Amino acid sequence: MTELETLRHSCAHVLATAILKIWPEAQFAAGPPVENGFYYDLELPHRITPEDFARIEEEMKKEIKANNRFERIEVSREEAIAMAERGELAALGGRTEPSKFKLDIVQHIPDGEVITIYRNGQFTDLCAGPHVSHTGRIGAFKLTHLASAYYKGDERNPQLQRVYGTAFKNKTEMEAYFTMLEEAKKRDHRKIGREMELFCFDEDVGPGLPLWLPKGTVLVEELERLAKETEFAAGYQRVRTPHIARESMYKCSGHLPYYADSMFPPMEFSEEEGGDSVKYYLKAMNCPHHHKLFGAVQRSYRDLPLRLAEYGACYRYEQSGELFGLMRVRSMQMNDAHIYCTEDQFEQEFRAVNEMYLKYFKIFGIDKYVMRFSTHDPAKLGQKFVDQPELWKKTEDMVRNVLIRSGINYVEVPNEAAFYGPKIDVQVWSAIGREFTIATNQVDFAVPARFGLTYKDRDNTEKTPLCIHRAPLGTHERFIGFLIEHYAGNFPLWLAPEQVRVMTIGDEDPLVDAAKDLHAELRGLGIRAELDISSDKINGKIQRAEQAKVHTMLVIGKRDLEAGAVSVREHGKGNLGAKPRAEVVTALADAIKNRA
RNA sequence: GCCGACGUAGCACAGUGGUAGUGCAAUCGAUUCGUAAUCGAUAGGUCACGAGUUCGAAUCUCGUCGUCGGCUCCA
């Protein structure tokens, strides 16, 4: 436990102390430090509200001021159980009801572990520690929010109230933390998305179903263009598939009934309606459709590797409580492709995919990410994982080799693989600190066989291909959600929804004509330029363009007009001075083309 | 899905039982200006939706929809 975690954990004890002073009947469960603070779970008939915070914090301050020592006491299991039964754990003393959660916890401590209790002032708690020397060491703290949580995270257990707080060595550090939070809130893609008119949601359309406004659609289409160019150069072929499929396909793929909970309920036509009582599902993934395309044509080893790509629309019925802006939605478009190859080709193909990831991350300047390499657990072969031990070993070794040779930092997570093969997930963090998988790269050596996919090999035998499932740009929704926060809405020129705004100083005819002409020239070159020829003052025009996060502002005043120049201003960089008009136009067009 | 909080003009918010408000944005007019807010006027609301309590509801109660915070860490 780090020093800060120790301090926060101690603060959780102080929180419990304070709550017990106000409500002696409170029953406490677990109170660990967490990423940005700590919490304590408790059961209490009184429903704690934010209005109670001031009162609780008051009591906490008293406990901290008292400078009570944290006293560590080793006890035997029997003593600990007896104390819990007498209601002396997570209590101030004098309570007779057993400390029921602590009793349960102590009974689950494995044999041979040292059991300790900690005391600060009147408060005694079962706790492994460690703690700060005395309560006075907690320099600054604040209760932050409330939530509920099931005891031990299991929904069959009672629901407890969870009080969250944070604590720091001193006030300065805590204030810095809250300032950082404020800044993070400004980057929140939900806020920027509304302000910049990128996307929206509508109750009548449905929760988790984002609609792309024109400026957001620019982002979508620029990403698609990048993907299409990159994939074309890498030998991919584009395909298109319907958004729905019959139940039989998902039976074949093995997604039903295993995945049915995450899919929208099926559409079914009755016989009176002229239908044939067949169920159709909205697709939750593109793989089965692509497998059908592989199987649609006779395949030879000469066709491999075959790389089929599609920005496929998928629909997943995520639990309502899981929905979160663009980051977790119910309709999404995936940067999907399936690469069918032989075992011999696998390593080369996998490496190429990995290089594509790194190329993208470089373009976007994404450097804070973790690659999670999920492998199988040999003990679960035949249940959670397909029973092909030699293929698991082979593909996992190949994936590991590619990662090591590329010098990529990764964490290996056993028992997390897909049932059909190992995978790599790329994890990133949203502005408010939530972790998301932004991209995925999976090996599949099982499903092609379920679909009876084969190719005719050199020796005239039918063989089953391996399949690599990859989505380096993830889904439009999550990737753009992430990019909005990554750039705080200040997109690079090639991505910016409004790349250029041409504006005049004043609205006299010659200026307006020059501005219109420049605007038309830029539009003719495919540059997303807008025009501000209103009679507002130049300061006001600049202000509005800056707030709209327009990438480049081109200002034309009388002086520029006479010199055949335009004044260039870049968002966030300020005035860059007057330059010849032709030079400015060429520079813009080049920078956009090169995604500079 | 479960627990809790929240839902007032395009956006940010005020309004706790008695005439629905402020700022920005919008529209119109004036202003003719050199790099982050020129001035004035006008318009904009089924206070999420539905039911109930009340002489009277944005405000109190219940339901529905939606949004947000949590629901993995463990004494």
Side-chain angles (χ1 to χ4, degrees), chain A residues 5 9 12-13 28-35 38-41 47-51 75 80 84 89-90 99 101-110 113-118 125-129 144-164 188 190-191 194-195 197 200-208 261 317-325 432 434-435 503-508 511-512 534-548 553-560 567-578:
Chain A
E5 281 171 336
H9 181 47
H13 281 232
F28 289 85
V34 286
E35 200 183 342
F38 62 88
Y39 66 77
Y40 218 132
D41 283 346
R47 171 65 63 181
I48 296 176
T49 68
E51 283 84 69
V75 294
L89 294 180
S99 311
F101 299 114
K102 298 292 174 181
L103 183 60
D104 180 63
I105 289 163
V106 77
Q107 283 166 341
H108 284 88
I109 295 177
E113 253 185 59
V114 179
I115 297 177
T116 52
I117 61 171
Y118 274 83
D125 200 357
L126 176 74
C127 179
T144 51
H145 57 288
L146 292 161
S148 77
Y150 298 106
Y151 179 55
K152 292 184 170 174
D154 188 330
E155 63 184 10
R156 290 165 302 189
N157 287 337
Q159 201 146 28
L160 307 174
Q161 303 190 55
R162 176 171 293 182
V163 182
Y164 277 92
D188 191 317
R190 294 166 295 185
K191 178 178 156 68
R194 200 183 307 113
E195 287 168 354
E197 299 181 6
C200 63
F201 290 91
D202 184 280
E203 279 195 28
D204 287 327
V205 174
D261 278 353
Y317 198 78
E318 302 287 354
Q319 290 188 15
S320 59
E322 299 286 347
L323 301 176
F324 177 71
I432 58 169
R434 224 184 258 197
E435 185 177 351
M503 53 187 81
T504 53
I505 302 176
D507 63 348
E508 286 160 349
L511 290 169
V512 167
S534 66
S535 64
D536 292 324
K537 294 205 162 160
I538 187 64
N539 284 320
K541 295 188 190 187
I542 295 283
Q543 165 86 6
R544 255 175 292 127
E546 288 282 355
Q547 280 176 347
M553 289 148 270
L554 298 181
V555 179
I556 302 181
K558 281 186 196 123
R559 293 209 299 265
D560 304 294
S567 292
V568 182
R569 181 188 171 100
E570 255 183 54
H571 173 62
K573 287 194 188 164
N575 191 355
L576 304 178

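Given the structure is predicted, the values throughout are model-derived calculations rather than measurements. Naming: A, B, ... by sequence-line order, numbering from 1 per chain. The figures that follow rest on heavy atoms only: side chains count, while hydrogens, waters and symmetry mates do not.
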May I ask which nucleotide in the shown strands pairs with B:G21, Watson-Crick or G-U wobble, both distances under 3.5 Å?
-> B:C13
Filtered N/O pairs between nucleotides 62-64 of chain B and protein, under 3.5 Å:
none

Span that lies between the P atom of B:U59 and that of B:U19, in whole angstrom = 14 Å
Winner on side-chain proximity to A:His145, out of B:A36, B:G7, B:G69, is B:G69
Would you call A:Leu103 and A:Gln107 a side-chain contact if the rule is heavy atoms closer than 4.5 Å?
-> yes
What does B:G63 pair with, Watson-Crick or G-U, if both distances are under 3.5 Å?
-> B:C49
Enumerate all atom pairs, one protein N or O and one N or O from nucleotides 24-28 of chain B, separated by less than 3.5 Å.
none

Residue closer to the 5' end of RNA chain B, A:Lys191 versus A:Ile109 (nearest nucleotide) | A:Lys191
Any A:Tyr164 side-chain N or O less than 4.0 Å from OP1/OP2 of B:C73 = no
Tell me what A:Val555 touches on the nucleic acid: a base, only sugar-phosphate, or nothing, going by heavy atoms under 4.0 Å.
-> base
Using a cut-off of under 3.5 Å, enumerate the N/O to N/O pairs linking the protein to nucleotides 29-33 of chain B.
unit_1, atom_1, unit_2, atom_2, d
B:U31, N3, A:Ser535, O, 3.4
B:U31, N3, A:Ser535, OG, 3.3
B:U31, O4, A:Ser535, OG, 2.0
B:U32, O2', A:Glu508, OE2, 3.3
B:U32, O2, A:Asp507, N, 3.1
B:U32, O2, A:Asp507, OD1, 3.3
B:U32, N3, A:Asp507, OD1, 2.2
B:U32, O4, A:Asp507, OD1, 2.9
B:U32, O4, A:Asp507, OD2, 3.2
B:C33, N3, A:Ser535, O, 3.4
B:C33, N4, A:Ser535, O, 2.4

When the C1' atoms of B:A30 and B:G23 are considered, how many whole Å apart are they?
-> 23 Å
Would you say a side-chain N or O of A:Arg190 is under 4.0 Å from OP1 or OP2 of B:U67?
-> no
A:Ile542 has its side chain closest, among B:G69, B:C2, B:A36, to B:A36
